[in-house]
Amino acid sequence: MTHPLVPQIIDLATPVAKDLELEVVKVVFHTNQSPPVLRVDIRNPNQDTSLNDCERMSRNLEASLDAASIIPDAYVLEVSSPGISCSLQTDREFISFKGFPIKVLTSPPHQGHSELNGKLVRRDEKSVYLNKKGRVIEIPRSNITSVQLDEERD
């Protein structure tokens with residue numbers, strides 16, 4: 001289950017990444033650790049994501065998070081590249097992985113959920129469609145922060 005602060009963190013991190021010509025791929029807040037760990041995966045859409053990209057994002061995001069004061073207690077910020085991407089980006093990837101389990105992250109939440117899971121049906125210009133227990137759910141692309149293969153449900 002996604003931590004309740006993750007949508008706010010995504011809303012804060014996305015413009016920071018955009019200013020650095022980066023993209024936020026995934027945000028996870030591990031509160032079961034002491035101190036809690038906020039992990040932000042980024043991607044450079046123009047080239048391989050470098051250590052320098054991660055360092056720049058870390059510095060800028062840390063300043064924004066501190067200014068916003070949305071995380072009240074001490075935490076560790078980890079900014080990294082997701083490595084070989086399990087994130088679906090291109091039309092070809094959406095065609096290739098039709099029928100595979102996916103996880104769609106949204107901001108703002110779609111139908112009350114920031115994370116939706118199901119099998120990929122298709123993507124068009126306006127929406128991503130996933131099959132959840134036999135029901136097709138249409139999610140507007142404008143609300144989607146990422147679409148990832150869901151290896152946990154494979």
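FYI, side chains are in, hydrogens and waters are out, and symmetry mates aren't considered; it's all heavy atoms of this structure. Nothing here was measured: the structure is a model prediction, and the numbers come from that model.
At most 12 non-hydrogen atoms from other residues, nucleotides or ligands lie less than 6.0 angstrom from CG of D48.
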Start with the C-alpha gap between L116 and K132, add the side-chain angles, then the distance that decides, and say whether side-chain contact (heavy atoms from CB on, under 4.5 Å) holds. CA-CA 9 Å; L116 297 108; K132 184 169 183 120; 5.8 Å; no
Going through the distances and angles, do Q111 and I137 end up as a side-chain contact (heavy atoms from CB on, under 4.5 Å)? CA-CA 10 Å; Q111 298 177 349; I137 299 171; 4.3 Å; yes
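Legend: residues meeting side chain to side chain contact (heavy atoms under 4.5 Å, CB included) with A63, ordered by chain and number and at least two apart, are absent.
Residues in residues 56-76 take part in these side-chain hydrogen bond (donor to acceptor under 3.5 Å, both in side chains) pairs, two or more places apart or across chains: D53-R56. Every pair tested for ring-ring contact (aromatic ring centres under 6.0 Å, His included) that includes a residue from residues 43-71 fails, sequence neighbours excluded, so the list is empty.
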Name the atoms and distances for all side-chain donor-acceptor pairs under 3.5 Å in residues 14-24, with sequence neighbours left out.
residue	atom	partner	partner atom	Å
T14	OG1	I10	O	2.7
E23	OE1	R43	NE	3.2
E23	OE1	R43	NH2	2.7

Tell me which donor-acceptor pairs under 3.5 Å the side chains of residues 27-40 have, and how far apart each pair is, sequence neighbours excluded?
residue	atom	partner	partner atom	Å
R39	NE	D41	OD1	2.8
R39	NH2	D41	OD1	3.0
R39	NH2	S80	OG	2.9

Compile the donor-acceptor pairs under 3.5 Å between side chains in residues 121-129 and protein atoms, sequence neighbours left out, one pair per line.
residue	atom	partner	partner atom	Å
R122	NH1	D124	OD2	3.3
R123	NH1	Q89	O	3.2
R123	NH2	Q89	O	3.4
R123	NH2	D91	OD1	2.5
D124	OD1	K126	N	2.9
D124	OD1	S127	N	2.7
D124	OD2	Y129	OH	2.9
S127	OG	E138	OE2	2.9

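Atom-to-atom distance recorded for K98:NZ and L120:CG is 8.5 Å, nearest 0.5 angstrom.
In this structure, a donor-acceptor pair under 3.5 Å is present between the side chains of D11 and S107.
Side-chain contact between L149 and F97 is present, with at least one heavy-atom pair separated by less than 4.5 Å.
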